[in-house]
2 protein chains.
Amino acid sequence: MSTATVSRAINRVPTVNPKLVQRVWRAIKELGYYPNTQARALVSGRSRIFGLIVSELTNPFFPEIVQVFETIAVRHHYEILLTSTMNDPEQMESSVRRMIERQVEGVAVMTFGMEDAVLEDLKLRQVPLVFVDVGPRRPRVSNLRIDYLSGIRQAVQHVAALRHERIAFITGPHTLKSAMARKQAFLKAIHEIGRDPDMELIVEGNHTMEGGRLACGHLLALAKKPTAILCSNDMTAIGVMRRCYEDGIAIPRDLSVVGFDDIRLAQFMLPPLTTVQMSQAELARLAFDALLAEVEREEPLPEGSEYVLKTALIERESTAICRSNAAASGNARKE
Amino acid sequence: MSTATVSRAINRVPTVNPKLVQRVWRAIKELGYYPNTQARALVSGRSRIFGLIVSELTNPFFPEIVQVFETIAVRHHYEILLTSTMNDPEQMESSVRRMIERQVEGVAVMTFGMEDAVLEDLKLRQVPLVFVDVGPRRPRVSNLRIDYLSGIRQAVQHVAALRHERIAFITGPHTLKSAMARKQAFLKAIHEIGRDPDMELIVEGNHTMEGGRLACGHLLALAKKPTAILCSNDMTAIGVMRRCYEDGIAIPRDLSVVGFDDIRLAQFMLPPLTTVQMSQAELARLAFDALLAEVEREEPLPEGSEYVLKTALIERESTAICRSNAAASGNARKE
DNA sequence: ATGAAAGCGCTAACAT
DNA sequence: ATGTTAGCGCTTTCAT
């Protein structure tokens, strides 16, 4: 029996004698034989590896993305090559190089911000790519566009319905495209309900807890304080909660706060954080599907592909009716 | 110029003419050439891949481990093959198979619990392995032993010094070796300070928030309630905090709580959680070093290797002096 | 239905 | 110092 026959048996080529197939499988069991993926990849030209680039695993936004991406990948007999760049262009470059060397069949760039020239090499090789929000429209690259407005609109209407009138927004860093999109969505949503945003109530954060804490301090020092604060991400909201804890301000009694992202942490906060969900599981799934579709597509679409991810409000316990305005409008309210 | 020369130039074999080396590198730049790792691995017999098996990425204990392991791996020109098993033996088996097929040079099994027969295949192949707490002593397998006692002793002494007398402990699942080790450490530490543990105050949790919440409920229903609760892990402590929040019990004023693990979340809690740190970064580093040492060791040690990871108390704000006992002993204390 | 042989991209041994 | 050749483990023609 030749190696060719064995190969055929393993790969279930129908023309092999069932008797032989049996023998082959028995031998495999006995010898504990496992095929060598490298050799397979070498001859087939298909590595069955997808690259996955994230900013940092310790940012609570990413673990679920990686988890889900990995699970789906395995189901499709793909392996993932994971790298976290810490937002360092040099690391980004090195990870791209490693990915090319390992012959990845596609790369999901889940790092918010920078769609860099660093990726030129990947594009040159026609490696399918998928970005969040920032990708160019060109063949073999897909984009996951986040519909920030849908969820943020819900959040704004939610607090407005709770009679809040002074609604603040803490932004992310203004260098970050996705953060600016969130701010714009907030402004739009405010306009939609016929109000004019009070610019004093829009302050800049940096998507960290400390940034949220500081920004909250500013807001609380205002002559006319907000009664509700919406945040550009959950970590910011956690900073707000921290600040309120320090200052003895009770959430949601004295102040309502809403986050964005719905990282796992959000539900562990006390009180559990009301937040706009941008499903990490869904994001991962879309990214994988986009890559897979591209790999299986013979002729690349000239304009690449686009997918949209909706966002939606998750009501938990960090928002409540505005006490002052509830009283003003004659609504009884227990203390 | 032959391919061999190019290969030598790339691999910096000193005997090649500097002129040629120059030309080679220039051509590489121009053509955007990257060596094919698969082919290299095939001929060299070294994949430069380490497997990393974790339980689940969404468990806050793991992301930092993965992050650090990956960072170190890259620095040593290794790639990691990451799989999360969700504690499912079947997934564990499949991931082991995939690792063998990809010719990993070593595997770090960071999944607390089960050192399974599933790993037989790996052992057969003499693949270096590293476990946490549960590995057998045999050639090519290393063990990271956690020194639970050092940190738990500090925690016990810390709350004892704060005049707490009724100190409770919420365990993990009793099927989990590492959880039982923590409980034993607690008992030992209590004895060390000359006290007898009150078995009524030892209740079982399951390392989840809900488990902690329930266990805390039991403890609070006791005729003689504890004034301090130590937990087998941080998620349990978070459950305790949740329960107290629901019941209007103030931490640390009415109750002190201590966690274990020091997951990132701990510092974001309100109040920030006092906890026993088991450094995830250190754990990852030890695991990688163990693997690397084993790969580079020609002759395997007959008994494998052992490394010890210390634990230590991180004091934050969820513990405070016991009010009742402070008063009883005549200590004034502001409200 | 099976075997023989070529070749995937690279490195190492041998030859020059 | 460089080129030639063989071979890593596998799949895939091409014969038979």
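Chain identifiers are assigned alphabetically (A, B, ...) following the order of the sequence lines, protein sequences preceding nucleic acid strands; residue numbering begins at 1 within each chain. Quick caveat, the model's predicted, so the values are computed rather than measured. Worth knowing before you read on, the calculation uses all heavy atoms, side chains too, and leaves out hydrogens, waters and symmetry mates.
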Please identify the 5'-most and 3'-most nucleotides of DNA chain C with any atom under 4.0 angstrom from a heavy atom of chain A. C:dA1 to C:dG9

Before giving the answer on side chain to side chain contact (heavy atoms under 4.5 Å, CB included), spell out for A:V134 and A:V132 the whole-Å C-alpha distance, their side-chain angles and the decisive distance to 0.1 Å. CA-CA 6 Å; A:V134 296; A:V132 176; over 6 Å; no

How far apart are the C-alpha atoms of A:D261 and A:M235, what are their side-chain angles, what is the distance that settles it, and do they pass the side chain to side chain contact (heavy atoms under 4.5 Å, CB included) test? CA-CA 9 Å; A:D261 278 346; A:M235 282 315 290; over 6 Å; no

Tell me which one of A:D121, A:I53, A:V127 satisfies side-chain contact (heavy atoms from CB on, under 4.5 Å) with A:M99. A:I53

Taking only residues two or more places apart in sequence or in another chain, which ones pass side chain to side chain contact (heavy atoms under 4.5 Å, CB included) with A:N36? A:Q38, A:A39, B:L42, B:Q103

Which part of the nucleic acid, if any, lies within contact of B:T15, taking any heavy atom under 4.0 Å across all strands shown: a base, the sugar-phosphate backbone alone, or nothing? base

Global bending angle along the helix from C:dA1-D:dT16 to C:dT16-D:dA1, which compares the axes of five pairs at either end, to 10 degrees: 50°

With a 4.0 Å heavy-atom cut-off, tell me which residues in residues 3-14 of chain B come close to DNA chain D, sorted by residue number. B:A4, B:T5, B:R8

I want to confirm an ordering. Mapping B:L20 and A:L42 to their closest nucleotides on DNA chain D, which one lands closer to the 5' end? B:L20

Would you kindly give the CD-to-C1' distance between B:E101 and D:dG9, to the nearest whole Å? 13 Å

Measuring only between side-chain heavy atoms, which start at C-beta, is B:P60 closer than 4.5 Å to B:R264? no

Within this structure, what is the CG-to-P distance between A:L31 and D:dG9, rounded to whole angstrom? 15 Å

Is any side-chain heavy atom of A:P63 less than 4.5 Å from a side-chain heavy atom of B:F62? no

Checking B:R46 now: which residues fulfil side chain to side chain contact (heavy atoms under 4.5 Å, CB included) with it, not counting sequence neighbours? B:S44, B:R48, B:Y78, B:E105, B:V295

Scan side-chain atoms only and decide if B:S84 and A:Q67 contain a donor-acceptor pair under the 3.5 Å cut-off. yes

May I ask you to say whether B:E303 pairs ionically with B:R138, meaning some side-chain N is under 4.0 Å from a carboxylate O? no

Atom pairs and distances, side-chain donor-acceptor, residues 282-293 of chain A, under 3.5 Å, sequence neighbours left out:
none

What integer distance in Å separates B:R23:CZ from D:dT2:C1'? 12 Å

Report yes if a side-chain nitrogen or oxygen of A:R40 is closer than 4.0 Å to either non-bridging phosphate oxygen (OP1 or OP2) of D:dG9; otherwise report no. no

Taking A:R98 first and then A:E101, would you say they form a salt bridge - that is, a charged N and a carboxylate O separated by under 4.0 Å? no

